[in-house]
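Computed from heavy atoms alone, side chains included, the values below leave out hydrogens, waters and symmetry copies. In listed order, ligands and their atoms are each counted from 1. Numbers here are sequence positions counted from 1.
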Amino acid sequence: MMNSRLNRRHVLSALGAATLSAGLPLGALAADKKLVLGFSQIGAESEWRTANTESIKAAAAAAGIELKFSDAQQKQENQIKALRSFIAQKVDVIAFSPVVESGWETVLREAKAAKIPVILTDRAVNVKDDSLYVTFMGSDFLEEGRKAGRWLVEKTKGSTGDVNIVELQGTVGSAPAIDRKKGFEEIIKADPKFKVIRSQTGDFTRAKGKEVMEAFLKAEGKKINVLYAHNDDMAIGAIQAIEEAGLKPAKDITIISIDGVKGAFEAMIAGKLNVSVECSPLLGPQLMQAAQDLKAGKTLPKRIVTQESIFPMEVAAKEFPSRKY
Ligand code: GZL
């Protein structure tokens with residue numbers, strides 16, 4: 001990864017050129033024009049995404065920023081169309097949560113040519129030239145996977161038999177799916193008792209999570225000891241499948257999940273989910289601050305990491321009242 005901070009010249013040149021192309025000095029634009037932010041959202045596939053959208057819209061309103069918001073229904077081509085529309089509208093700043101890591105170079109080069117700074121939120125992109133975006137703010141998905149793995153190692157300490165794991169992966173090619181898998185495997189590979197016997201995408205949705213878990217249960221039945229789901233929505237779908245198969249979720253099959261949404265706390269309080277690793281969707285205020293800092297010509301760090309925790313079912317009831325998403 002390139003050096004961690006953009007130099008001032010870099011940021012100013014992007015902003016300055018954008019302003020000069022409008023024929024106004026930076027100050028005049030900053031003083032009398034509302035900042036216009038174009039945001040391309042992935043979709044509404046999960047509770048996490050809904051909370052993320054709410055956070056962004058509320059923060060834009062609170063900051064007096066004009067938000068042009070587009071929902072891509074989880075399709076990359078719709079995100080690319082939205083980014084091109086923001087460029088054509090000459091917005092001040094573009095931000096988006098990329099549905100998958102690859103395929104962004106061309107449109108990001110178009111934004112750079114138009115002198116419009118781009119902020120990545122939530123998920124990263126895989127580009128050779130990381131000057132194509134100003135900053136990436138979001139969780140450390142590798143660490144989230146490691147936290148899930150460490151919890152399982154702790155939970156099974158002292159047991160000698162095989163621990164057969166089925167895994168519900170997130171959207172194929174997405175940064176969270178790639179890194180949550182990698183981080184989890186990094187931890188469990190230390191002990192050969194852990195065996196991932198099935199791993200398939202549930203695309204981060206409840207419906208698909210249930211459908212794939214039904215197939216896992218049909219193929220592996222009572223051999224399954226653990227479900228590792230890359231998000232709570234797929235875990236909640238899988239819990240339905242486990243109950244319909246006459247098994248007790250969180251007892252017959254230990255369930256580990258990620259996000260920490262309300263539905264996960266409800267499942268933990270009901271004794272149906274063992275643990276959820278926090279992944280905060282509340283990026284709205286940070287995003288608006290970053291956009292305003294850019295407009296004011298400030299330098300942004302290349303990477304802004306969200307601080308997060310882990311919630312085992314034993315603390316769910318106590319923590320639930322203070323949860324914000
Ligand atoms: C993670 C985010 C993921 C969530 C899912 O930051 O990209 O996408 O874990 C959501 O719930 O669909």
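Atom 2 (C) of ligand 1 has as its closest protein heavy atom D122 OD1, 3.4 Å.
For ligand 1, the atoms closer than 4.0 angstrom to any heavy atom of C279 are 1 (C), 6 (O). Below 4.0 Å from some heavy atom of S46 lie the following atoms of ligand 1, by number and element: 5 (C), 10 (C), 11 (O), 12 (O). Taking a cut-off of under 4.0 Å to the non-hydrogen atoms of E45, the atoms of ligand 1 that pass are 8 (O), 10 (C), 12 (O). Within ligand 1, counting atoms from 1 as listed, the ones closer than 4.0 Å to a heavy atom of F141 are 1 (C), 6 (O).
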Review point. Could you walk me through whether E154 and K157 pass the salt bridge (charged side-chain N to carboxylate O under 4.0 Å, His left out) check?
Key: CA-CA 5 Å; E154 195 51 37; K157 215 182 228 159; 3.1 Å; yes
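Of all the heavy atoms of R123, the ones lying under 4.0 Å from any atom of ligand 1 belong exclusively to the side chain. By the criterion of a heavy-atom distance under 4.0 Å, neither the backbone nor the side chain of P281 is placed next to ligand 1. For R180, every heavy-atom contact with ligand 1 shorter than 4.0 Å involves the side chain, none the backbone.
When each of K115, K33, K295 is checked for a salt bridge (Lys or Arg N to Asp or Glu O under 4.0 Å) with D92, only K33 meets the rule.
Under a 4.0 Å N-O distance rule, the pair R109/D129 does not qualify as a salt bridge. Electrostatic pairing of E243 and K272 counts as a salt bridge here, judged by a charged N lying under 4.0 Å from a carboxylate O.
For R84 and F86, the positive end is not near the middle of the six-membered ring at less than 6.0 Å and at most 45° from its axis. Taking the ring axis of Y133 as reference, the NZ or CZ atom of K112 does not stay both within 45° of it and closer than 6.0 Å to the ring centre.
Note on ligand 1: S139 sits outside its first shell, no heavy atom being nearer than 4.0 Å.
Not one N or O of W48 is nearer than 3.5 Å to an N or O of ligand 1, by distance alone.
Under the 4.5 Å side-chain contact rule for hydrophobic residues, L282 and M288 do not share a cluster.
Nearest residue to atom 11 (O) of ligand 1 from D233, V277, D259 is D259 (criterion: closest heavy atom).
Residues K155 and V275 form no side-chain contact, since every pair of their non-hydrogen atoms from C-beta on lies 4.5 Å or further apart.
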